[in-house]
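Reading through the structure tokens given below for one structure.
All of these numbers come straight from a predicted model, not from anything done at the bench. Both ligands and their constituent atoms are indexed starting at 1 by order of listing.
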Amino acid sequence: MGDGRSDFFDEGALVSVMTTEPLGRALDYKAPEGGCFVGAFVEVPLGPRRVLGVVWGAGEGGYDLAKVRPVTRVLDAAPMGEAMRTFLQRAADYTLTPMPAMLRLASRAPGLADPPGPRKVYRKGWAEPDRMTEARERVIAVLDEYGGAAFTLSELAALAEVTTSVIKTMVKIGAVSEEEAPRDLPYPPLDPGLEGKPLAPDQAAAAEQLRAVVAGGRYGTTLLKGVTGSGKTEVYLEAVAECLQQGRQALVLLPEIALTSEFLNRVEERFGAKPGEWHSGVTQTERRRLWRMAGEGRVGLVVGARSALFLPFRDLGLIVVDEEHDTSYKQEDGVLYNARDMAVLRASMTDAQVVLASATPCLESWVNAASGKYARIDLTSRFGVAELPEMRAIDMRAERLEQNRWISPTLAAAVTDRIGRGEQALLFLNRRGYAPVTICRACGHQIGCDHCDARMVEHRFLKRLVCHQCGETKPMPEACPHCKAEGRLAPVGPGVERLAEEVAARFPDARLAILSSDLFGSARALKEMIGKIAEGGADIIIGTQIVAKGHNFPLLTLVGVIDADLGLQGSDLRAAERTFQLVRQVSGRAGRGDRPGVALIQSYQPEHPVIRAILSGEEEAFWRAEAAERQAAGMPPFGRLAGIILSSPDVQTVFDFGTDLARRDGPLRRIGAQVFGPAPAPVARVRGRHRVRLLVKAEKAAPLQAALADWVGQMKIPANLRLAIDIDPQSFY
Ligand code: ADP
Ligand code: ZN
């Protein structure tokens, strides 16, 4: 390297470039004219193509220098910092992900490789189209849905499902405006000096503690455990304030896009401006801007989905993971990572603090706090006059229920009572669609998916059967596909749509709202519905698990859990933990305003220890018991698991490979790990691919990743077989 600067390469110097192509290693190039920094985003030639890469360090050399090609050009983006490169490397090692795939996550900036020069963006214009066509209507609907945001031409065309010429014509008539995109603008600064809300004493103490660790400028993780409605957000916003005061950047992760709008407003109230937003509902123009500003240090606070962890923050001082127990933090396809764990890893690379906030933390975090690895702060009461709801079980064995009815007389009476007082009731059932099973009453056949080993779920709203594994849909047949009997197909069991039918029949005057992710075309539509409910626009709300997440419905005073036993069936390692979290979270929606709430839990086994723990609220005892059980079994977080998922269109290939893999377990045995399987996965076929699982179990301290790499490395993987390794698997489907 020249100039005596260790981070800069003069023109012609050998540099090692990590590309986003699946090559398995970095390649050597010569630094381009003008030189380049380590970490620079570059374009390099690869065979006949040009590909994206990052300058990873000095080149290795050791071969004919004349053949080394130069870097094509340095892209117009802040170089990736050393901490980020180390983070990606460690994350790749931990999840056994090839570096290029990791780098792809970290370079998802729309237009990153575009040549410099003016770009055009498109927004809503000033004129109404003279003549409305269906295509034009769709364009306008998209423009309205994103409320004033700018789009690239191709993005707008894709979202509206029109050709670009439709948009160009709309530009001519003024219905769409075309602008030269200005340079990406920095975000308006947030002012941490503004006065926050006055905090209750326990909130103030918690905020003080968080401020102190953030001011310390070192790595640390704190579990902020606060009952629903305790005001965790106000508390961690104080940590954000401290971080901004230090001149560093902060990231808040939320599990659900629909929660962001409320959060944006709270940030604006607290700091006088909105933060940057990063999730799938943000336009590419805005995403491009945020990615760049994160790298230049010109956005102070970002709120986002799990992938925001891979933004190139220049100086990240704080990561908050809100609702840290939420299962959506685990990415279940592509790169299999858990954003909660990766947040801790990233923070430890950049001397940042992590705050894990939840009313029902995951067992891993609870154990880490108990062992002193994490600090822990508790908020034990609701903010203000709000009180925690009273929890009661309804013993379904003692209730009289007609056929195809799921609301017990006791629950129905409570609903009548609440809506009579102008309050709201929420009925929770974690099942989308109308009915989980469609059966033929003539032959007993259950309608399944053609491509998956799964039953199809009737969605009456869509008038179709839907496979929840692969998304395949088909119209409800007239006749049984098996015995051809006509008119004998019948739904079995309830989904939210069927529950809605029962509610409409029993409470004909009540205004009903259904919250199920599949009923909303867009995140914005879902947000609108949530806003309406919060303002009192419904009497009875029926919802799947999306209602369990931190929404605030002040008028809601009754929560009815239709089937608390649902999650306890099956042998999932986390069945107890998940049921506990879900039912406590849903119940926590009740009584958040000034009127006290009640949660009624329908169960056929109210004496089950999990149901009893849910009712008694003796959480610490529940976690201790769960932890003891896991420890005795050597299960996470006391032992470690890795799932191996094999899939292939050919059933023989996948089983033969699995058996062979299991037999050659030397590398695993050397670290004392055991392998179980191969066994058909619970969903044994998805999209026409047969699936087989193996499970590896090791002691906590064992070098699992290295052993897994050696183990799998012995095998030659057949062309039609896919192998995925899931470290710390959360689901076993
Ligand atoms: P949690 O995330 O712990 O469930 P929130 O942070 O959403 O709780 O707070 C619950 C409600 O109480 C919100 O409506 C919030 O605005 C309000 N709240 C919390 N703390 C305060 C405070 N110090 N002053 C005023 N309102 C508060
Ligand atoms: Zn399917």
Side-chain angles (χ1 to χ4, degrees), residues 192 194-211 222-242 250 252-256 258-271 275 301 303 320-326 328-329 340 355-362 365 376-389 391 424 426 527 530-531 533-536 545-557 559 581-597 599 617 619:
L194 291 179
E195 194 87 33
K197 288 181 180 150
L199 298 180
D202 61 338
Q203 286 182 321
E208 211 36 59
Q209 201 176 328
L210 289 180
R211 271 185 174 267
T222 305
L223 173 61
L224 175 60
K225 183 177 177 311
V227 297
T228 51
S230 56
K232 293 183 285 297
T233 314
E234 302 306 328
V235 170
Y236 70 64
L237 282 181
E238 294 311 299
V240 171
E242 183 65 40
V252 173
L253 296 180
L254 298 177
E256 168 82 53
L259 290 171
T260 46
S261 62
E262 191 196 332
F263 183 79
L264 298 179
N265 294 335
R266 285 170 83 163
V267 168
E268 192 170 21
E269 254 177 60
R270 175 67 182 82
F271 299 118
L301 171 62
V303 52
V320 177
V321 185
D322 202 353
E323 311 287 354
E324 65 94 46
H325 62 279
D326 199 282
S328 67
Y329 283 124
R340 173 170 33 84
V355 175
L356 304 177
S358 175
T360 54
C362 64
S365 300
R376 173 168 164 174
I377 300 176
D378 280 76
L379 298 173
T380 53
S381 61
R382 284 197 159 167
F383 177 77
V385 295
E387 278 173 38
L388 283 168
M391 313 266 294
Q424 289 173 328
L426 166 70
K527 272 189 243 174
I530 286 168
I533 294 172
E535 283 162 17
Q545 60 157 357
I546 57 172
V547 298
K549 307 188 189 203
H551 307 293
N552 253 328
F553 300 132
L555 292 172
L556 181 71
T557 56
V559 168
Q581 286 163 342
L582 197 54
V583 177
R584 299 273 311 174
Q585 288 282 348
V586 172
S587 304
R589 299 305 115 212
R592 289 171 70 98
D594 49 9
R595 304 182 218 191
E619 294 182 42

If you measure from each non-hydrogen atom of Ala386 to ligand 1, which part falls under 4.0 Å: side chain, backbone, both or neither? neither
Would you mind telling me which of Val320, Val267, Leu210, Val252 makes a side-chain contact (heavy atoms from CB on, under 4.5 Å) with Leu237? Val267
Checking contacts here: is it the side chain or the backbone of Gln203 that comes within 4.0 Å of ligand 1, counting heavy atoms only? Could be both or neither. side chain
May I ask you to list the atoms of ligand 1 that are less than 4.0 angstrom from any heavy atom of Arg592? 4 (O), 7 (O), 8 (O), 10 (C)
Enumerate the atoms of ligand 1 whose separation from the nearest heavy atom of Thr228 is less than 4.0 angstrom. 4 (O)
Within the distance-only criterion (no hydrogens, no angle test), does the side chain of Arg340 pair as donor or acceptor with the backbone N or O of Glu324 below 3.5 angstrom? yes
Just which atoms of ligand 1 are under 4.0 Å from any heavy atom in Pro198? 22 (C), 23 (N), 24 (N)
Shortest non-hydrogen contact from Leu254 to Tyr236? CD2-OH, 4.3 Å
So, Gln424 side chain and Ala534 main chain: donor-acceptor pair closer than 3.5 Å or not? no
Is there any N or O on Arg266 that sits under 3.5 Å from an N or O of ligand 1? yes
So among Arg382, Gln585, Arg589, Arg584, which one has a side-chain hydrogen bond (donor to acceptor under 3.5 Å, both in side chains) with Thr228? Arg382
Taking a cutoff of less than 4.0 Å between a non-hydrogen atom of the residue and any ligand atom, is Val227 in contact with ligand 1? yes
Is it true that Lys527 and Glu262 have a side-chain N and a carboxylate O under 4.0 angstrom from each other? no
Quick check: does any side chain N or O of Asp378 sit under 3.5 Å from a backbone N or O of Thr380, one acting as donor and the other as acceptor? no
What do we get for Leu379 next to ligand 1 when only non-hydrogen atoms under 4.0 Å count, side chain, backbone, both or neither? neither
Quick one: which ligand 1 atoms are inside 4.0 Å of a heavy atom on Leu199? 23 (N)
Ligand-side contact atoms (ligand 1) for residue partner Asn552, heavy atom cut-off under 4.0 Å: 7 (O), 13 (C), 14 (O)
For atom 25 (C) of ligand 1, which of the options Lys197, Glu234, Lys225, Glu262 provides the nearest non-hydrogen atom? Lys197
Gly226 near ligand 1, heavy-atom distance under 4.0 Å? no
Would you call Arg270-Glu238 a salt bridge at under 4.0 Å N-O? yes
Mark yes or no for whether Lys232, through its side chain, and Ala357, through its backbone, hold a donor-acceptor pair below 3.5 Å. no
Judging by distance only, is a nitrogen or oxygen of Phe383 under 3.5 angstrom from one on ligand 1? no
Using a 3.5 Å cut-off on N or O atoms only, is Gly231 in polar contact with ligand 1? yes
